[in-house]
Each structure stands twice: as structure tokens, then as C-alpha cells.
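What follows is a set of notes on a single structure, which appears directly below.
When a ligand or atom number is given, it counts from 1 through the structure's own listing order.
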Amino acid sequence: MKYYSTNKQAPLATLHEAVVKGLAPDKGLYMPEFIKKLPQQFFENIENLSLQEIGLEIAKTLFDEDIEEKALENIVYDALSFDIPIVNVEKNIYSLELFHGPTLAFKDVGARFMARLLQYFVRQDGKENLNVLVATSGDTGSAVANGFLGVEGIHVYILYPKGKVSKIQESQFTTLGQNITAIEVDGVFDDCQALVKKAFIDNELNGHMKLTSANSINVARFLPQSFYYFYAYAQLKKLGALDIDDRKKETSNFVVCVPSGNFGNICAGLFGYKMGLPVKRYIAANNANDIFYNYLKTGIYEPKPSKQTLANAMDVGDPSNFARIYDLFDGDYNKITNLINGATYNDNQIKETMIKCFKHTNYILDPHGACAYRALKESIKEDEVGIFLETAHPAKFKEKVDAIIDYDIDIPKRLAKFMKGNKQSIKMPNNFEAFKEYLLTC
Ligand SMILES: *Cc1c(COP(=O)(O)O)cnc(C)c1O
């Protein structure tokens with residue numbers, strides 16, 4: 001499979017090139033040239049398959065000619081080493097719990113897959129070290145750092161906005177050491193992202209070291225996120241929750257709601273749709289950063305500076321993956337709005353949702369999942385069945401969540417372990433020259 005750039009000014013790339021480059025040379029995002037449909041038989045039997053089996057089937061469809069079969073199987077099985085269960089929260093509403101991985105957030109899936117795929121390619125390339133640059137608004141940093149920890153031949157630099165990620169999140173990427181360096185930038189997430197983007201196109205820097213990205217723009221990060229949409233469907237089917245002729249999109253009553261920031265996660269879900277997953281509609285739930293919501297309403301995409309909110313991993317003012325979604329539907333506004341609905345909630349609404357849900361169902365939402373739960377609940381119809389993606393464990397935001405729902409939530413053991421480590425970080429002004437100078441000494 002070849003990959004093209006959304007800006008259409010770059011040559012086609014192999015998977016290997018697309019994964020190592022991250023961003024295309026024309027600054028566009030890579031997209032597979034075409035999307036193969038999964039066979040009907042796969043859907044007929046899907047409820048009997050495990051997450052790993054489903055993941056492998058989809059990975060083969062996506063990456064078949066590009067990776068040896070046995071190697072692909074190892075990558076998939078190793079990356080998906082934890083469960084992604086659905087939990088019934090109330091009538092017709094299920095939570096897809098994506099927080100059972102090592103850093104308790106959905107980004108573990110893509111980060112673990114990418115680390116293993118990149119290692120596979122670096123080994124093929126021989127000796128030269130690869131440097132991964134990542135901008136994070138919180139959860140990306142921890143998932144990528146832990147996904148790559150100890151992977152030979154790869155060094156990871158995590159850029160994060162000083163004082164704008166929770167202590168718990170920070171501890172997950174500043175306490176690791178080894179091949180992981182945390183860089184604390186005096187700015188907001190968009191500044192971190194801008195520094196990384198500039199580094200990728202700086203000639204001197206690229207002559208000095210081999211750079212790549214592990215943000216959700218990388219095809220190896222976002223494509224594997226399609227696996228769990230199929231697994232959610234398989235679980236609902238197994239429960240008998242989808243009482244429809246569920247093989248056809250036209251008669252599907254399956255609704256999928258995704259709390260969205262940079263839009264990599266929902267984009268992977270939309271790839272699932274293109275591969276044949278029978279979803280009736282998707283909902284993109286935003287916090288107060290309502291750029292996509294406004295696009296759906298007006299047809300005009302207008303980036304804005306990001307606003308800080310309770311759901312801070314979604315504080316994105318210019319979602320990168322919009323370009324992919326736009327391209328996936330040929331830039332056709334009607335096609336996009338026919339399949340995707342939007343919602344936007346401010347911090348007060350997020351709080352109110354967390355309190356109400358806890359009170360009525362006993363289910364504890366994190367602020368990101370709360371946006372999605374509310375968007376689903378407000379729009380679901382009698383005959384529909386919906387999942388919302390619970391993208392992080394509420395304990396990752398313990399101080400805030402405890403205060404909001406007036407409860408002392410448990411901290412899972414694997415999270416408590418990070419909090420005992422020592423913080424190590426490089427302080428960096430929001431200035432590209434300073435960042436470049438630092439990297440030139442590495
Ligand atoms: C990253 C993140 C999101 C947003 O995902 P995108 O793929 O950027 O849209 C939502 N929730 C949590 C907890 C996250 O870490």
C-alpha cells in the first residue's frame with residue numbers, strides 16, 4: 001500500500017517511509033491510497049473473536065504487503081496486551097473503556113503499536129538512531145514515553161506546556177529516564193506543536209539527526225486505533241444489544257461518540273466505517289474548543305487559539321486530523337454532516353454531567369469521557385444503541401474529579417507507581433532557536 005499526502009504536493013510513500021517521516025515533505029498528512037473492505041464473513045463471525053484476533057485481521061487489511069505476517073502478528077499481539085471492555089452505563093448507552101493499558105488512556109494503543117512498528121523498521125535500516133519528537137497536551141506524552149521506553153535505537157523527546165498538564169500526567173513521562181527526555185516549554189500546547197513542526201522542516205537539524213513524530217498525525221499511531229471500534233461492535237453483538245440487520249450500514253442503529261481534540265481517534269473510527277463497520281452515525285464531542293462543531297454548523301473551518309478546559313487533552317485550536325477527515329469524504333460537506341454530528345460543552349456542563357452521571361448510575365466519568373457521554377445521551381433515539389469512548393481513567397485527573405463528584409476515587413496500582421518517581425525535565429523558553437540549539441547538542 002502506498003501513502004499520499006493530504007496536500008498532494010509530495011511523492012507517494014511506502015508505509016516504512018510514512019512511519020519514519022511522520023509528516024509528508026509538503027507538510028500534509030499521509031493517507032493510505034485506498035481503503036480495503038473487510039470480508040462479510042469477518043462481520044458474521046466477529047462476536048467470537050478476541051481483541052487481538054480482530055486487531056490482526058484489520059492490521060492485515062491495512063498493512064498486509066508491508067510487514068511480514070509473523071512480525072505483524074507479534075506487533076499486534078504485543079501492543080494489544082490489555083482488554084478494552086464495554087460497560088453498560090444505562091439503557092442503550094455503553095462506555096468503551098480504553099483506559100486499561102499501562103498509562104490508563106486510549107493513546108496506549110496507538111503508541112504501543114507505533115513503537116513496535118518503528119523498531120521493526122529501524123532494525124531493517126541498520127545502525128542510525130532515530131529521534132522521536134512529540135508535543136503533548138497531557139496523555140500523548142505518557143503513552144508515547146511508556147510505549148517507547150527501553151526500545152533500542154530510538155530516543156524520545158516529549159514537549160509539554162509548563163503548568164498545563166496534571167501532576168499525575170506529568171509524572172508519567174518525566175520520571176522514566178533511559179531513552180525518554182521531557183522538555184518543559186514555557187507556553188501552551190499549540191506552541192509545543194509549532195516547535196515540533198518547525199523542527200521537522202529545519203534543514204540543519206535534519207542534517208544533524210534523524211527526526212520523526214509520534215503525534216496522532218503518524219499513520220502508525222492513528223490507524224491501529226480503528227481496531228477497538230470493531231471490538232466494541234463485536235461485544236455489543238455478542239450481548240445481543242444490536243437488534244438489527246446489523247450487517248448493513250443503511251439499517252444500522254449503532255452510534256459511536258468520540259471525545260475529540262486533535263481528531264485522530266474519531267478519524268480512525270471513520271476509517272473503520274470505510275472498511276465496512278456498520279455505524280449509523282458518529283458524534284464528535286468537543287469541549288469549549290469548538291472548531292469542528294462550528295465547521296459542521298457553517299461549513300467553514302476556522303482555527304482559533306486553544307482554550308484551557310477541564311478536559312485538557314482536548315484543548316486543541318487547530319485539529320491536525322481535520323485534513324484527513326476532509327479528504328476521506330472528498331471535501332464534501334454533505335457527506336461529512338450526514339455521517340458526523342457535533343457537540344460542544346463548557347467546563348460547567350462537563351462538571352454537571354459528571355455529577356449527574358455518578359448520582360444516577362454510579363459510573364465515574366473523567367472530564368473527556370463526560371463530553372462524549374453527554375453528547376450521546378442528549379442525541380440518542382429510542383431505537384439506537386450507542387457507545388461513548390471513555391478515553392482516560394478518572395484517577396488520572398483525581399484532584400479535579402474528586403472535587404467535582406465529592407468522592408475519593410481509588411488510584412489504580414500502576415498509576416500510583418509513577419507518582420513515586422523523581423521528576424526530570426529540561427526547561428525551554430517558547431522559542432524555536434533555543435529548542436534547535438538544544439537539539440543540536442544532543
Ligand atoms: C488525546 C485525548 C483525547 C483526544 O483525542 P484526539 O485523537 O486528539 O481527538 C481525548 N481524551 C483523552 C483522555 C486524550 O488523552
Side-chain angles (χ1 to χ4, degrees), residues 29 95-111 114 134-147 158 160 164-166 168-170 172-173 189-190 192-193 213-219 221-226 228-229 256-272 282-293 306 309-325 340 342-345 350 354 365-373 375 388-398 400-401 415:
L29 307 192
S95 170
L96 179 64
E97 293 189 341
L98 286 155
F99 54 69
H100 295 273
T103 73
L104 301 89
F106 83 94
K107 292 188 176 78
D108 281 330
V109 173
M114 179 178 171
V134 193
T136 185
S137 54
D139 280 345
T140 301
S142 46
V144 170
N146 284 275
I158 311 273
Y160 72 103
K164 301 208 167 48
V165 303
S166 77
I168 296 178
Q169 284 178 327
E170 193 178 21
Q172 290 181 311
F173 53 79
F189 168 71
D190 290 336
C192 298
Q193 201 167 31
S213 133
N215 271 72
S216 56
I217 54 173
N218 197 298
V219 290
R221 273 244 355 244
F222 98 91
L223 284 173
Q225 292 173 355
S226 60
Y228 46 70
Y229 290 89
V256 173
C257 184
V258 187
S260 296
N262 218 12
F263 280 72
N265 203 5
I266 194 167
C267 189
L270 296 168
F271 266 76
Y282 288 82
I283 308 169
N286 284 152
N287 58 21
N289 293 278
D290 54 4
I291 289 80
F292 188 76
Y293 176 80
S306 61
T309 76
L310 266 177
N312 69 355
M314 288 154 55
D315 294 349
V316 182
D318 186 4
S320 303
N321 288 289
F322 179 77
R324 281 199 172 109
I325 295 176
I340 313 172
T344 172
Y345 301 109
I350 292 174
M354 291 166 67
L365 296 163
D366 95 290
H368 306 82
C371 294
Y373 165 81
F388 66 95
L389 275 55
E390 192 25 298
T391 44
H393 193 290
K396 289 195 87 162
F397 314 95
K398 179 171 168 59
K400 289 176 189 166
V401 175
L415 185 53

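Y373 has its ring centre less than 6.0 Å from the ring centre of F388.
In terms of protein heavy-atom proximity, atom 4 (C) of ligand 1 is closest to G261 N, 3.6 Å.
In this structure, the side chains of P259 and M314 come closer than 4.5 Å at one or more pairs of heavy atoms. Under the 4.5 Å side-chain criterion, counting only non-hydrogen atoms from C-beta, L365 is in contact with E390.
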Trace of the side-chain contact (heavy atoms from CB on, under 4.5 Å) decision for T140 with N262: CA-CA 11 Å; T140 301; N262 218 12; over 6 Å; no
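Side-chain N/O atoms of T344 and D290 include no donor and acceptor closer than 3.5 Å. Residues N289 and S306 bring no donor and acceptor atom of their side chains to less than 3.5 Å of each other.
Residue contact check: A313 has heavy atoms under 4.0 Å from atoms 1 (C), 2 (C), 12 (C), 14 (C), 15 (O) of ligand 1. Residue P259 approaches ligand 1 through these ligand atoms, each under 4.0 Å from one of its heavy atoms: 4 (C), 10 (C). Interface atoms of ligand 1 facing A392, defined by a heavy-atom separation under 4.0 Å, are 13 (C). Within the listing of ligand 1, atoms 6 (P), 8 (O), 9 (O) sit less than 4.0 angstrom from a heavy atom of N262. Annotation for ligand 1: atoms under 4.0 Å from non-hydrogen atoms of S260 are 9 (O). Those atoms of ligand 1 with a heavy atom of G264 less than 4.0 angstrom away are 6 (P), 7 (O), 9 (O). Atoms of ligand 1 found under 4.0 Å from any heavy atom of N265, numbered from 1 in the order shown, are 7 (O).
Backbone and side-chain nitrogen or oxygen atoms of T391 are examined, and one is located within less than 3.5 angstrom of a nitrogen or oxygen of ligand 1. When only interatomic distances are considered, the shortest N/O to N/O separation between F263 and ligand 1 falls below 3.5 Å.
Atom CG of L104 and atom CZ of F397 lie 10.0 Å apart (nearest 0.5 Å). Rounding to the nearest 0.5 Å gives a distance of 5.5 Å between CG of L310 and NZ of K400.
Looking at M314, K107, H368, it is K107 that brings a heavy atom closest to atom 2 (C) of ligand 1.
Contact between A105 and ligand 1 is absent, with no heavy atom of the residue lying under 4.0 Å from the ligand.
Between the R324 side chain and the A268 main chain, no donor and acceptor come within less than 3.5 Å of each other.
Under 4.0 Å from ligand 1, the heavy atoms of F106 that appear belong solely to its side chain.
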